[in-house]
Every structure is written in C-alpha cells, then in structure tokens.
Amino acid sequence: LPVVSGRSLVGVVVTATEHAARVVRIDDPSAASALPACLVSSRSPAAGGRIGGVARGTGDRDVPVSVSLLRQGDGKPGDLAVTAVGNTLVPEGLVLGEVLRFGDDDRDGAFEADVRPLRDLDTVNSVYVLRADGETTRVGAGARRAPAQGGKR
C-alpha cells in the first residue's frame, strides 16, 4: 500500500500487522522500492506527455531516486516523475519528485532521470496510508515512530 504526504509518495508498506507496518521509502536501494513511473513534461503537462519507465531508490542522499528505461527526448530537468499504471495498489499520478538530470551516461541507449523528492523524507512526520478499500489511515506526529528502515537516514 502507498504511504503519502500530500500528493507525494513517501514509500510503500511491505509488511503489516494489526498495530504496525514496515514501510520501504522511495529512496531505499532495495528492489522493494521499484515502481512503474513516468515523466510529466513541465512544458505541456496536459498534452499526455507521460513516458513509461521504472523508478527505484538509489540510497544516495544527493540523488535519492532514479527512473530508468527511458528514451532520448523523454524528459528534461524540471519535469516531474510520477507513479504510472502497472501497480495494482499504488495509484497513477503520485509525485515521486523533480527531475534534476536526464541523460545516458553509460551510452547504452537507455536514458535515466535523476530525481529529487519534493519532500524531505527525513523530516516528514505525518503521512497517510492509502488502503485498498479506498480508506486512508493517518500516521502522525502523535504516533509512535519506529527507526527508519533502509535508504539513507
């Protein structure tokens, strides 16, 4: 299930009990953070400029998320990376962050976008869990906080 702060995706629930959940943040370098993603052009967001790729956390504080499997011309710095169709529990259009750099550094024909989340993941203290039944569960500053798992702290 997705964990959000506003319209920004913070992470996904990977295990849960009646009173607790383990959340993998979007900057976690494990495979659990991988999600279908697309870039929305800052030039014409209404023009359907959604290009498919895969977002995954890097564990790097400077570039926390990378969207790979893109093509030349699919994006540019300033575009937004958002969740895409392809995951049954994470809705389309949740913001992952802003594209800082777009390119093909290893010259293999697959372009990547380096993405910085719009929210500082280390300082978010109130989030919502979007449940599959359409309800939301708020987890806030009054809730008991567990130490961060994975990703950069």
Check whether any side-chain N or O of [X] sits under 3.5 Å from a backbone N or O of [Y] as a donor-acceptor pair, and report yes or no.
{"X": "Arg7", "Y": "Gly93", "answer": "yes"}
{"X": "Ser5", "Y": "Ser8", "answer": "no"}
{"X": "Asp104", "Y": "Gly109", "answer": "yes"}
{"X": "Arg56", "Y": "Pro29", "answer": "yes"}
{"X": "Ser33", "Y": "Asp28", "answer": "yes"}

- Task: Show which residues join Val54 in its hydrophobic cluster (side-chain heavy-atom contacts under 4.5 Å, direct or indirect), or state none.
- Result: Leu69
Rounded distance (nearest 0.5 Å) linking atom [atom1] of [X] with atom [atom2] of [Y]:
{"X": "Ser66", "Y": "Leu96", "atom1": "OG", "atom2": "CG", "value": "11.5 Å"}
{"X": "Asp60", "Y": "Asp114", "atom1": "CG", "atom2": "CG", "value": "8.5 Å"}
{"X": "Asp74", "Y": "Asp79", "atom1": "CG", "atom2": "CG", "value": "10.0 Å"}
{"X": "Arg22", "Y": "Thr15", "atom1": "CZ", "atom2": "OG1", "value": "6.5 Å"}
{"X": "Leu39", "Y": "Leu70", "atom1": "CG", "atom2": "CG", "value": "5.0 Å"}

- Message: Please list all pairs meeting ring-ring contact (aromatic ring centres under 6.0 Å, His included) that have one or both residues in residues 74-125, counting only residues at least two apart or in different chains.
- Response: Phe102-Phe111
- Note on the structure: So the ring-ring contact (aromatic ring centres under 6.0 Å, His included) pairs with at least one residue in residues 71-93 (sequence neighbours excluded) are none
- Taking only residues two or more places apart in sequence, or in another chain, which ones meet Ser68 in a side chain to side chain donor-acceptor pair (under 3.5 Å)? none
- Query: Can you list the residues that meet the side chain to side chain donor-acceptor pair (under 3.5 Å) rule with Asp105, with sequence neighbours excluded?
  - Reply: Arg101
- With Leu9, the side-chain contact (heavy atoms from CB on, under 4.5 Å) member among Val3, Thr83, Val65: Thr83
- Under a 4.5 Å side-chain heavy-atom rule over Ile, Leu, Val, Met, Phe, Trp and Tyr, are Val82 and Val63 clustered together? no
- Item | Co-membership, hydrophobic cluster, residues Leu89 and Val85, 4.5 Å side-chain | no
- Partners of Asp120 by side chain to side chain contact (heavy atoms under 4.5 Å, CB included), sequence neighbours excluded? Asp122, Thr123
- Query: Less than 4.5 Å apart, any side-chain heavy atom of Ser30 and any of Val24?
  - Reply: yes
- Do Leu121 and Pro64 come within less than 4.5 Å of each other through their side chains, counting heavy atoms only? no
- Query: Considering all heavy atoms of both residues, which atom of Val124 and which atom of Arg119 are nearest to each other, and what is their separation?
  - Reply: CG2-CB, 4.1 Å
- Item | Closest heavy-atom pair and its distance - Ala81, Val115 | CB-CG2, 3.9 Å
